[in-house]
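For ligands, and for the atoms within them, numbers begin at 1 and follow the listed sequence.
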Amino acid sequence: MRKKIIAGNWKMNYTLSQAEDFVNEISKQINVDDVDVVLCPNFVCLDRINELISDSNVKLGAQNVYFEEKGAYTGETSIDMLISTGVTYCIVGHSERRQYFNETDEIVNQKAKKIIEKDLTAIVCVGETLEQRNKNEMFEVIENQLINGLKDISKEQMKRNIVIAYEPIWAIGTGVTATASQAEEMCQFIRNVIAKLFDENTAEVVRIQYGGSVKPSNAKEILNMPNIDGALVGGASLTNDFVAIVNYD
Ligand code: PGA
């Protein structure tokens, strides 16, 4: 039985004091046992949020990392810097990073491998555009993102250090959610691709999240799908709605 994992991706929202206020407000209600809950604030807030959640089950995640160890990379943040603030999860390949910051599958792969090297968990995002879905290319697009993004990762690393997030780009921040059956169909497809690239056992173990306009009103239906093991939540993770999503059952 795969344990559900629900992560809040705050994106570029909340100053330090706003983040503190918000976490103080919700922390007790998201401190649960049966679901892994991860908060992914901006880099500036990581250290402080780590303090605020330190005596709970809630985990700290980052929204990005650079794949080099250290050095002259102005503006970038290394994995050791993230670890020093208590980060144990890191999102890579979010569609906004692919779209606005030109992140390719190869860069996603380098970042995922760096996260694995330090034994953290990478939440690797994949997703198709509306145009690709309308042309029925979505399965091919997702398969290629997985083949290239997960290159040179071992079965053991897949099982231990990787979570996949399926986020159809047309459903992110738009209020349009994939139907539970569309989300399930793709998550099942992703599991089949993992079985092909690794093996059946690995595919059974790896957790696959759905992301894209998850809210309290649709969380239960989505999270009860057999191949959907959690949610990556954007907009709704900035409000009390996140409490309702974490306690969806
Ligand atoms: P959304 O974002 O929930 O606001 O659609 C999801 C995401 O981008 O991770």
inquiry  = Once ring pair (Phe, Tyr, Trp, His ring centres under 6.0 Å) is applied, what residue pairs with a partner in residues 210-249 remain, sequence neighbours excluded?
reply    = none
What does the contact table look like for ligand 1 (nitrogen or oxygen on each side, cut-off under 3.5 Å)?
residue  : atom  : partner : partner atom : Å
ligand 1 : 2 (O) : Lys11   : NZ           : 3.3
ligand 1 : 3 (O) : Ser213  : N            : 3.4
ligand 1 : 3 (O) : Gly234  : N            : 2.9
ligand 1 : 4 (O) : Gly235  : N            : 2.8
ligand 1 : 5 (O) : Gly173  : N            : 2.7
ligand 1 : 5 (O) : Ser213  : N            : 2.7
ligand 1 : 8 (O) : Lys11   : NZ           : 2.7
ligand 1 : 8 (O) : His94   : NE2          : 2.6
ligand 1 : 9 (O) : His94   : NE2          : 3.3
ligand 1 : 9 (O) : Glu167  : OE1          : 3.3
ligand 1 : 9 (O) : Glu167  : OE2          : 2.7

message = I'd like to know if the side chain of Arg191 reaches the main chain of Asn227, judged simply by a donor and an acceptor atom lying under 3.5 Å from each other, with no hydrogens or angles considered.
response = yes
CE on Met225 to SG on Cys187, rounded to 0.5 Å = 10.0 Å
query = Under a single-linkage definition using a 4.5 Å side-chain heavy-atom cutoff for Ile, Leu, Val, Met, Phe, Trp and Tyr, are Val141 and Leu130 assigned to the same hydrophobic cluster?
reply = no
key: Non-neighbouring partners of Phe189 that pass ring-ring contact (aromatic ring centres under 6.0 Å, His included), sequence neighbours left out   = Phe139
note = With sequence neighbours left out, the residues meeting ring-ring contact (aromatic ring centres under 6.0 Å, His included) with Tyr73 are Tyr66
